[in-house]
There are 2 protein chains.
Amino acid sequence: MRAHVLKAALQAIEDVGFERLRVKDIADRAGMSTGHVLYYFGSRDRLLVSTLLLSEADLDERRGAELDGLPPEAALARLVELYLPTSAQDVRWRLWAQVIAKPPSDAGTLARLDGFFRSWAAELAGIARRLSPGLDADDFAVRHCRLMDGLASDVLLGTGDAARARATALAAMRRELATAGRSS
Amino acid sequence: MRAHVLKAALQAIEDVGFERLRVKDIADRAGMSTGHVLYYFGSRDRLLVSTLLLSEADLDERRGAELDGLPPEAALARLVELYLPTSAQDVRWRLWAQVIAKPPSDAGTLARLDGFFRSWAAELAGIARRLSPGLDADDFAVRHCRLMDGLASDVLLGTGDAARARATALAAMRRELATAGRSS
DNA sequence: CTCAAGATTTGAGCGCGAGTCTAACCCTTG
DNA sequence: CAAGGGTTAGACTCGCGCTCAAATCTTGAG
């Protein structure tokens with residue numbers, strides 16, 4: 001039910017774009033009235049946060065399924081692709097930008113958002129551990145996820161392009177994995 | 001004249017907070033009408049972008065003056081302090097978050113925003129070069145500025161605190177400067 | 001100085017969209 | 001069937017960004 005609205009929200013963003021998105025666009029696509037949508041979610045902002053949570057949960061699942069069987073080097077490259085925005089219009093990242101600009105005050109929601117970050121970091125740490133056992137994989141993972149966050153904001157701004165962001169992130173990771181290998 | 005409005009904008013944000021900021025708050029503090037403010041800046045969003053540009057220009061200048069005489073190790077620590085948000089309410093970073101969430105389409109503005117980033121990176125590269133001559137300082141600087149961008153978004157969200165962000169950034173830089181020293 | 005042509009400045013008002021409210025509706029349970 | 005709580009719609013309110021026409025000020029030529 002809530003999920004149905006959230007799917008409609010994602011569709012609406014695809015259709016009308018993030019800038020022009022009204023809650024009516026979402027309500028129409030979900031086959032209900034604006035009042036009803038707000039009855040469920042309380043406010044437009046909270047609806048968008050929920051949409052981000054859905055989007056992250058989806059990706060979390062797909063990531064697990066997809067990276068599971070891959071050799072670590074390929075998994076690393078794929079994780080970077082999945083994490084970073086595909087373009088300045090990337091819906092998931094536009095939602096992140098929105099949420100960071102207007103952070104929810106609700107502690108539970110913040111915890112869930114943080115949980116998704118940690119999930120990414122844990123996945124990256126697992127790969128790093130396989131590639132370079134001597135490394136402090138958790139620290140490595142957190143730092144490089146944050147690096148990708150920074151690169152993502154560059155892409156969202158329109159200053160950098162997605163391909164360069166991916167290349168930069170991968171190069172940074174490989175360099176550190178390599179030097180760690182040398183020193184061990 | 002424009003600067004007068006922008007100062008008023010910064011004051012208004014301090015006073016009423018980012019969430020509740022109306023263009024009337026700015027107009028009042030600048031001693032003019034809302035119509036006039038918009039006559040100059042075209043739209044609320046463009047006004048906020050200009051405010052960010054002023055804020056960055058200010059900091060750019062202060063940074064240069066302050067770091068100039070410092071020994072490199074102290075300069076590094078101070079640069080990290082100046083770059084990262086002081087709290088989740090940090091005005092300059094809230095402006096960044098706003099601009100990333102609603103990026104300007106104007107190429108000139110994007111170029112100026114990118115210019116400020118590059119200015120930070122150049123300053124950091126200069127310090128890195130002094131601390132560890134063997135390093136690719138430009139690459140180091142860009143990566144660590146992006147890392148700080150990512151850490152900043154964590155602080156803005158309310159997930160992480162400013163002190164930890166500073167510690168993480170500094171530790172990451174020192175580690176890499178140290179390992180580069182070892183390998184040279 | 002005078003006056004016209006523009007630039008600046010105002011504030012009332014428009015439009016849009018988020019959020020509220022009320023009344024109808026449906027579904028369960030006794 | 002009746003009663004009552006959850007659900008739904010849509011009209012309404014309200015705040016705010018933005019527009020616009022009119023008022024005021026500036027400039028500079030004659």
Side-chain angles (χ1 to χ4, degrees), chain A residues 1-55 91 94-106 109, chain B residues 1-55 91 94-106 109:
Chain A
M1 165 44 94
R2 280 174 64 101
H4 176 236
V5 177
L6 297 177
K7 294 278 171 65
L10 288 172
Q11 187 59 53
I13 294 170
E14 294 281 346
D15 290 353
V16 311
F18 213 95
E19 314 294 305
R20 313 215 172 281
L21 180 73
R22 294 163 301 163
V23 345
K24 183 158 198 314
D25 296 321
I26 298 167
D28 285 351
R29 262 154 263 259
M32 46 180 76
S33 68
T34 70
H36 191 45
V37 168
L38 289 167
Y39 169 80
Y40 268 125
F41 290 92
S43 76
R44 181 181 186 274
D45 285 348
R46 262 181 265 167
L47 167 57
L48 290 181
V49 173
S50 297
T51 309
L52 173 58
L53 290 171
L54 172 73
S55 177
V91 172
R94 291 244 78 91
L95 286 166
W96 269 109
Q98 176 68 30
V99 170
I100 289 170
K102 292 185 176 187
S105 49
D106 171 50
T109 306
Chain B
M1 165 43 98
R2 280 174 62 103
H4 176 236
V5 178
L6 298 177
K7 294 276 170 67
L10 288 172
Q11 187 59 52
I13 294 170
E14 293 282 347
D15 290 353
V16 311
F18 212 95
E19 314 294 305
R20 313 213 173 284
L21 181 72
R22 296 164 298 164
V23 345
K24 182 159 199 318
D25 297 321
I26 298 167
D28 285 350
R29 262 152 262 256
M32 46 179 75
S33 66
T34 69
H36 191 45
V37 168
L38 290 166
Y39 169 80
Y40 268 124
F41 290 93
S43 76
R44 181 180 188 276
D45 285 348
R46 261 181 267 168
L47 167 57
L48 291 180
V49 172
S50 297
T51 308
L52 173 58
L53 289 171
L54 172 74
S55 176
V91 172
R94 290 245 78 91
L95 285 165
W96 270 110
Q98 177 67 30
V99 169
I100 289 169
K102 291 185 175 187
S105 50
D106 171 50
T109 305

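Chain letters run A, B, ... following the sequence lines, proteins first and then strands; every chain starts at 1.
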> Distance from Ile26(A) atom CD1 to Leu47(A) atom CG, nearest 0.5 Å?
Replying inline: 4.5 Å
> If each of Leu21(B) and Thr34(A) is mapped to the nucleotide of DNA chain D with the nearest heavy atom, which maps nearer the 5' terminus, i.e. the 5' end?
Replying inline: Thr34(A)
>> Just the rounded figure in Å: distance from P of dA9(D) to CG of Asp28(A).
In response: 11 Å
> What is the distance, rounded to the nearest whole Å, between atom CZ of Arg46(B) and atom C1' of dC18(D)?
Replying inline: 12 Å
> Taking NZ from Lys24(A) and P from dT20(C), how many angstroms apart are they, rounded to a whole number?
Replying inline: 19 Å
>> Tell me the interatomic distance from His36(A), atom NE2, to dA11(D), atom P, rounded to whole angstroms.
In response: 17 Å
>> What I'd like to find out is whether the side chain of Asp45(B) reaches to under 4.5 Å of the side chain of Gln98(B), using heavy atoms alone.
In response: yes
> How close or far is atom P of dC16(C) from atom CG of Asp25(A), stated in whole angstroms?
Replying inline: 14 Å
> How close or far is atom P of dG17(C) from atom CZ of Arg22(B), stated in whole angstroms?
Replying inline: 21 Å
> Between atom CZ of Phe41(B) and atom CZ of Arg46(B), what is the distance when rounded to the nearest 0.5 Å?
Replying inline: 11.0 Å
> dG19(C) P sits how many Å from Tyr39(A) OH, rounded?
Replying inline: 17 Å
> Mapping Arg44(A) and Ser33(B) to their closest nucleotides on DNA chain C, which lands nearer the 5' end?
Replying inline: Ser33(B)
>> Once you apply a heavy-atom cut-off of 4.0 Å, does Tyr40(A) come out as touching a base, just sugar-phosphate, or nothing?
In response: sugar-phosphate
> When the distance from CG of Leu48(B) to P of dC18(D) is rounded to whole Å, what number comes out?
Replying inline: 10 Å
> How far does CG of Asp15(A) sit from CZ of Arg29(A), to the nearest 0.5 angstrom?
Replying inline: 4.0 Å
